[in-house]
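Basis for what follows: all heavy atoms, side chains included, without hydrogens, waters or symmetry-related copies.
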Amino acid sequence: MNYPGIFFLMALENIFPPIPSELIMPVAGFKAGSGELNLWGAILAGSLGSLLGQTVLYYLGRKIGADRLKEWTEKHGEWVGLAPEDIDNGEKWFEKHGNKAAFFGRLVPGLRSLVSIPAGLHEMPRTKFLLYSGAGTLIWTAALAFLGQILGRNFEAIGQYIGIISKVVLGGLLAYFLFRIAKRKWEKRTADA
C-alpha cells in the first residue's frame, strides 16, 4: 500500500461502501508505524481520497435534485419507506442541521458516505460541505491511522472490533429502514381501506 493506493481506496470507499475505511486506514497506520509510510502523508492521502469520493456523491445529489426525488418517491417510495413529505421534512431538517450532519455523519459507520447525497440534494453550499465534511473526514481517517500505528502488529484486532461496531450500526440502520417500509405499507393499506 502506498499514498496513491490509500487515496484511491478511500475515494472508492465512499462511492462503494463495502470497501471499509475501517481496514484501509489502520493498515496505512500500521505501515507508517513500521516506517514504510509517513503517518501524516497517509492521513492526508486518505482524507483527500475520501473527500473526493464524498464530492462525487454530493454532485450526484445536486444532479438528482429534491423535485425529481419527490416524483420518484410518489411512484416508488413505498419500496424504500419514503414519501414526498419525507423529502420536505428532510429539507427542513437539513436546513437546520446540515452543518452538523456533514461533520458528524462522517464519523458514523454506515452514514459516512450517505450524508453526502442529502447535502447535494438540499444544495448545501459547496464550501460549507467541503469544510464540515473535510473536518469530520480528517478526524476519522487520523483516528483510524493512529490506532493502526499504535496497535502495530495487532492491527487485525482493530479491524475486527470496528467491524463489529460497524455491523451493529448498519444492522440498526437496516432494521430502521425495514420498519419504515412496513410502516409506509401499513399506512397506505389503512388509508385505502
For the [atom1] atom of [X] and the [atom2] atom of [Y], what is their distance to the nearest 0.5 Å?
X: L52; Y: F8; atom1: CG; atom2: CZ; result: 10.5 Å
X: L130; Y: M124; atom1: CG; atom2: CE; result: 9.5 Å
X: F129; Y: F103; atom1: CZ; atom2: CZ; result: 14.0 Å
X: L9; Y: I24; atom1: CG; atom2: CD1; result: 4.5 Å
X: Q149; Y: L144; atom1: CD; atom2: CG; result: 13.0 Å

Counterpart residues, salt bridge (Lys or Arg N to Asp or Glu O under 4.0 Å), relative to E123 (two or more places apart) |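 Expected list: none.
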What's the shortest heavy-atom distance between Y132 and N99, and which atoms?
->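 Where Y132 meets N99 most closely, the heavy atoms are CE1-CG, 3.5 Å.
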So L51 and M10, side-chain contact (heavy atoms from CB on, under 4.5 Å) or not? Walk me through it.
-> CA-CA 8 Å; L51 199 55; M10 289 299 286; over 6 Å; no
Considering only heavy atoms from C-beta outward, does the side chain of [X] approach that of [Y] to under 4.5 Å?
X: S50; Y: W140; value: no
X: M25; Y: I6; value: yes
X: F30; Y: E36; value: no

For S133, enumerate each residue passing the side-chain hydrogen bond (donor to acceptor under 3.5 Å, both in side chains) test, keeping only those at least two apart in sequence or located in another chain.
->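 Testing S133 for side-chain hydrogen bond (donor to acceptor under 3.5 Å, both in side chains), a comparison that skips the adjacent residues, returns Q54.
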I139-F104 co-clustered via ILVMFWY side chain contacts under 4.5 Å |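 Hydrophobic grouping puts I139 with F104.
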Do any side-chain atoms of residues 39-48 form donor-acceptor pairs under 3.5 angstrom with protein atoms, and if so which ones, sequence neighbours left out?
from, atom 1, to, atom 2, distance (Å)
S47, OG, I43, O, 2.9
S47, OG, T141, OG1, 2.6

